Amino acid sequence: MLRPQDGPTRERKSLNGLWRFTLDPASEGRDAGWWRQPLREARDMPVPASYNDVPVDAAVRDHVGDVWYQTTVRVPRGWDGERVVLRFDAATHRAVVWVDDIEVVRHEGGYTPFEADVTAHVRAGEEVRITAVVDNRLTWHSVPPGIVEETAAGPRQNYFHDFFNYAGLHRSVWLYSTPPSHLSDITVVTGLSGTSGSVDYQVETAGADGADVRVALIDAEGSEVARASGAVGVLSVPEVHPWRPGEGYLYDLLVELVDGDDVVDAYTLAVGIRTVEVRGTEFLINGNPFYFTGFGKHEDLPVRGKGHDDVFLVHDFALLEWIGANSFRTSHYPYAEEVLDYADRHGIVVIDETAAVGQNLGMIGGLTGRDYPPTFSSEAIDDTGREVHAQAIRELVARDKNHPSVVLWSISNEPEAHTDSAREFFEPLFALTRELDPTRPVGYVNQMLAPPDKDQVDQYADVLMINRYYGWYRQTGELDAAEPELRAELQEWAKRGKPIIVTEYGADTLAGLHSTLAQPWTEEYQVEFLEMYHRVFDEIDAVVGEQVWNFADFATKAGIIRVDGNKKGVFTRDRRPKAAASALRRRWRGPGPWRTDA
Ligand code: GCB
């Protein structure tokens, strides 16, 4: 699926702005056909945004089930004869969409785009009504999973991950045009050999029998460096300027569908030429060992929740640069494509994660004292759940395969991994990911209950991604006791002969809370906690990355171990630095393996 683009043969119109919005607490709308008329008793709701925190209304914040969004749009006059597509960059967690009275698309999964060819239902110059019902319920068959529980006070959403279940239209909505004969997909794979680069490309078209494809690669200065024709081919780039961490050098691949001398359709794709490889315990980018510094992040902001925001996009990357981070993980779901574009352009390395989080009922049962069924079983995440997970992987790879910043797929965060059923669940998902993308390493993020002697899933991973909280959830406040435990475990993992990235380590810290003797929750403790981990990482060669949990404080559901959300941020939710920020900056901007130019 190609993203909407303005170009010589394509136009796009943003549907962002204020939509009409209403809750559907009694789940009446689908039967009553609410899409057939203007929504009754609706209020304004900005798109993109999570709806939860925008009105000051507990019924909206804590709503479980369907909500309805509606807007009208006039199809541009000039689109007569064009193919017209309606696209949602995301609808969390699932949606059905109508154009006037006609259902045009339905989609499962809250963080990947979907679209519908609506040509037959619209006319250039005329207005149409667009209605979307968006359902925020999490079930055993959603990614992430959850359970809706009926209580005397109404339905309650129970879920097993540690961030608020924000929902709604989090990303842009577009109406766009393409010619009827059009380019429908492009895949690139890049290579490097000495001073030359290569771009293998594959172009898919629709309704284009008899038309030809031609491609040209343009460098950042605007000069054409290679060209070819045919839907599949290889472009050679002598004296290549590679994409590398710290320098997001991009070429433009101009793809044209041509009929004789006529350009029927054209699309420009940004391409960074780089390679990724795991060799022994090394993670190589362009053949050079790379050491990840940075964070697990969240899409999370006051008021807008998970709504994409360009201001914080630019600000967060400025903070990454300020602190010396070269990477982040899209914990715990695919982020807005604008984020990956920005990472491409700025040479920031990305671990790209599916929305599979909270697949670990044994752990949740332990924390809550509740009895849950086995995680991967007919009573919880079953074969249907696995197929939904597989589809989430397909959509992630399809969306992000061409981003040079993406160097590693993470197919699940902290699932149960120590059981036979976990092994059986994940083996085909790893195989699927590799089949979809043989060029990038694949991993999953390991949790404390599956240490090296118990993990049954790590055998499928190219890279060991490990989250650990010695000194926080265990040995709380006792860094001297935590340090040998951490060291011993990492040394054990190192024997696997694979690269290790510690994808989470961190301590909740209340900004402004200080103590002379470092105590949990103080800024001093966060600093000493991180320093302890770094001491250990620096001793173990197989550790090739450190991503602190978390970049910034973020919202969670209410709970007795959360004070206004998770406070493990190195920055507060409004992006003010805690003391740990300067400590990290000193480390990551100082000498170390992360400074090697990859
Ligand atoms: C984890 C999870 C993350 C939580 C974090 C915490 O292991 O992966 O989603 O927020 O721990 O702070 O407990």
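Just so it is clear, the model here is predicted, and its values are computed rather than measured. Both counts, for ligands and for their atoms, begin at 1 and track the order of listing. As a basis for the values below, the full set of heavy atoms in this structure was taken, side chains included, without hydrogen atoms, waters or symmetry mates.
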Within 45° cone of Tyr335 ring axis and under 6.0 Å: Lys297 NZ or CZ
no

Assess Trp472 for proximity to ligand 1: is some non-hydrogen atom of it under 4.0 Å away?
no

Between Val357 and ligand 1, which residue portion shows a heavy-atom distance shorter than 4.0 Å: side chain, backbone, both, or neither?
neither

Using only heavy-atom distances, determine whether the side chains of Glu379 and Tyr372 contain a donor-acceptor pair under 3.5 Å.
no

Could I get the full list of side-chain hydrogen bond (donor to acceptor under 3.5 Å, both in side chains) partners for Asp382, not counting sequence neighbours?
His141

Hey, which atoms in ligand 1 end up nearer than 4.0 Å to a heavy atom of Arg562?
6 (C), 12 (O), 13 (O)

Using non-hydrogen atoms of the residue, decide whether His298 is closer than 4.0 angstrom to ligand 1.
no

Strictly by modelled atom types, are Tyr444 and Asp455 linked by a side-chain donor-acceptor pair under 3.5 Å?
yes

Taking atom 5 (C) of ligand 1 as the point of reference, which of Tyr505, Tyr469, Phe554, Phe163 owns the nearest heavy atom?
Tyr469

For atom 4 (C) of ligand 1, what's the nearest protein heavy atom and its distance?
Asp162 OD2, 3.3 Å

So if I count the atoms of ligand 1 from 1 in the order they appear, which ones are less than 4.0 Å from some heavy atom of Asn467?
8 (O)

What's the shortest distance from atom 9 (O) of ligand 1 to any protein heavy atom, and which residue and atom give it?
His332 NE2, 2.7 Å

NZ/NE/NH1/NH2 to OD/OE distance under 4.0 Å, Asp62 and Arg156
no

Ranked by distance from atom 2 (C) of ligand 1, the top protein heavy atom is Glu504 OE1, 3.2 Å

Specify the protein heavy atom at minimum distance from atom 7 (O) of ligand 1: its residue, its atom name, and the distance to 0.1 Å.
Glu414 OE2, 2.4 Å

Tell me which protein heavy atom sits closest to atom 12 (O) of ligand 1, plus the residue, atom name and distance to 0.1 Å.
Lys568 NZ, 2.5 Å

Looking at ligand 1, is there an atom of it that comes within less than 4.0 Å of some heavy atom belonging to His161?
no

Go through the structure and list residues passing side chain to side chain contact (heavy atoms under 4.5 Å, CB included) with Glu523, not counting sequence neighbours.
Thr509, Ala511, His514, Lys578, Ala579

Pairing of Glu387 and Arg394 as salt bridge, 4.0 angstrom limit
yes

Which atoms of ligand 1 have any heavy atom of Asn566 under 4.0 Å away?
6 (C), 10 (O), 12 (O)

Assess whether a salt bridge exists between Arg61 and Asp53, defined as any Lys/Arg side-chain N lying under 4.0 Å from an Asp/Glu carboxylate O.
yes

Return the CG to CZ distance between Asn566 and Phe164, rounded to the nearest 0.5 Å.
14.5 Å

Give me the residue, atom name and distance of the protein heavy atom closest to atom 13 (O) of ligand 1.
Tyr473 OH, 2.4 Å

